[in-house]
Amino acid sequence: MPTMAGRKGKAVADPIRTCVLAREEAPRDGLIRLALAPDGTVLPDIRAKAPGRGAWIGVTRAELEAAISKGKLKGALGRAFKTNAINIPAELPDLIAKALERLVLDRLGLESRAGTLLTGSDRIAENARAGNVHLLLHASDASEDGNRKLDQAWRVGSDQEGSGLRGLVLPVDRTILSVALGRENVVHIGLTDRGAARRLREALDRWLHFTGPAQDGEPCETASQGASAFENSDPVSAGTII
């Protein structure tokens, strides 16, 4: 399990939290924090910044919706928050999904400003063949032919020809990606920094796990170089960090 340095240089394990529904433990960065507003409304706290007591979930959207309809979420949150004055909005799953999407898009924007990602098929292909692309992403409306050519360039540069390595098809189109990056016609994205690829992959893992089940080319697992609550991926699967 990844660790971070403590104040005196000692290795400290990533914080572990328990999902209030599944009762399974996982690093908190792989879970979703729920917070209680002053009026008792349950809201997503994706960045885990809200003050006060929080509750953590690691289930998919379908599992959350079932837990809401059966009253299981309210009971679990009542125990976690130690109060029955809880209001679970009907749109909570939508709020979580939108917040997770926003987190990914914000991360893309940050990496764009930091200069750790490329756009444009030709630039990505050139860098992919040179082994400089660590994560490859495609817009949902990208052409299959365009995806296939860049995937092949990535496999060549990663010395994984003949493998199943391919870019990750995002559940957002080029218009949304273009706005997020402040660039025109963003169809494909290549992450050229391993740390940036890992940071983005961690955000993607939470989003895709929640919206699951994953589509072909959209696994929820992170690569062996990274870590998440769902780490058990094939090293040559789609979206692997190279």
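Being a predicted model, the structure only gives us computed values, none of them experimental.
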Which atom pairs, donor and acceptor, lie under 3.5 Å between side-chain atoms of residues 72-86 and protein residues at least two apart or in another chain?
unit_1, atom_1, unit_2, atom_2, d
R79, NH1, G75, O, 3.4
T83, OG1, A85, N, 3.1

Point to revise | Stepwise side-chain contact (heavy atoms from CB on, under 4.5 Å) test for L191 and L137 | key: CA-CA 8 Å; L191 277 295; L137 307 172; 4.2 Å; yes
Exercise for review: Quick one: list whatever passes side-chain hydrogen bond (donor to acceptor under 3.5 Å, both in side chains) with R53, sequence neighbours left out.
Suggested key: none
**Study point:** Partners meeting side-chain hydrogen bond (donor to acceptor under 3.5 Å, both in side chains) with R61 (sequence neighbours left out)
**Key:** E65, D94
Are any of the side-chain nitrogens in [X] or [Y] under 4.0 Å away from the carboxylate oxygens of its partner?
X: E111; Y: R107; result: yes
X: R201; Y: D205; result: yes
X: D145; Y: R148; result: yes

Exercise for review: Identify which one of V187, L181, N185 satisfies the side chain to side chain contact (heavy atoms under 4.5 Å, CB included) criterion when paired with T119.
Suggested key: L181
Review point. Taking all non-hydrogen atoms of both residues, which atom of L150 and which atom of S121 are closest, and how far apart?
Key: CD2-O, 3.5 Å
Review point. Looking only at heavy atoms, what is the nearest atom pair of R33 and G52, with distance?
Key: NH2-O, 2.7 Å
Review point. Rounded to the nearest 0.5 Å, how far apart are CG of L177 and CZ of R183?
Key: 11.5 Å
Check your understanding: Which value, rounded to the nearest 0.5 Å, describes the distance between L118 atom CG and R123 atom CZ?
Key -> 5.0 Å
Practice item. For side-chain contact (heavy atoms from CB on, under 4.5 Å), just list the numbers for R174 and V186, CA-CA rounded to whole Å, side-chain angles, deciding distance to a tenth of an Å, and then say yes or no. Key: CA-CA 5 Å; R174 68 185 71 192; V186 177; 5.7 Å; no
Ignoring hydrogens and geometry, is there a side-chain-to-backbone donor-acceptor pair from [X] to [Y] under 3.5 Å?
X: W56; Y: R28; answer: no
X: R129; Y: V156; answer: no
X: D173; Y: I176; answer: yes

Exercise for review: Determine whether the side chains of T41 and D39 contain a donor N or O and an acceptor N or O closer than 3.5 Å.
Suggested key: yes
Practice item. Taking atom CD of E184 as the centre, report whether more than 12 heavy atoms of other residues, nucleotides or ligands fall under 6.0 Å from it. Key: no
Check your understanding: More than 12 non-hydrogen atoms from neighbouring residues, nucleotides or ligands closer than 6.0 Å to CG on D122, yes or no?
Key -> no
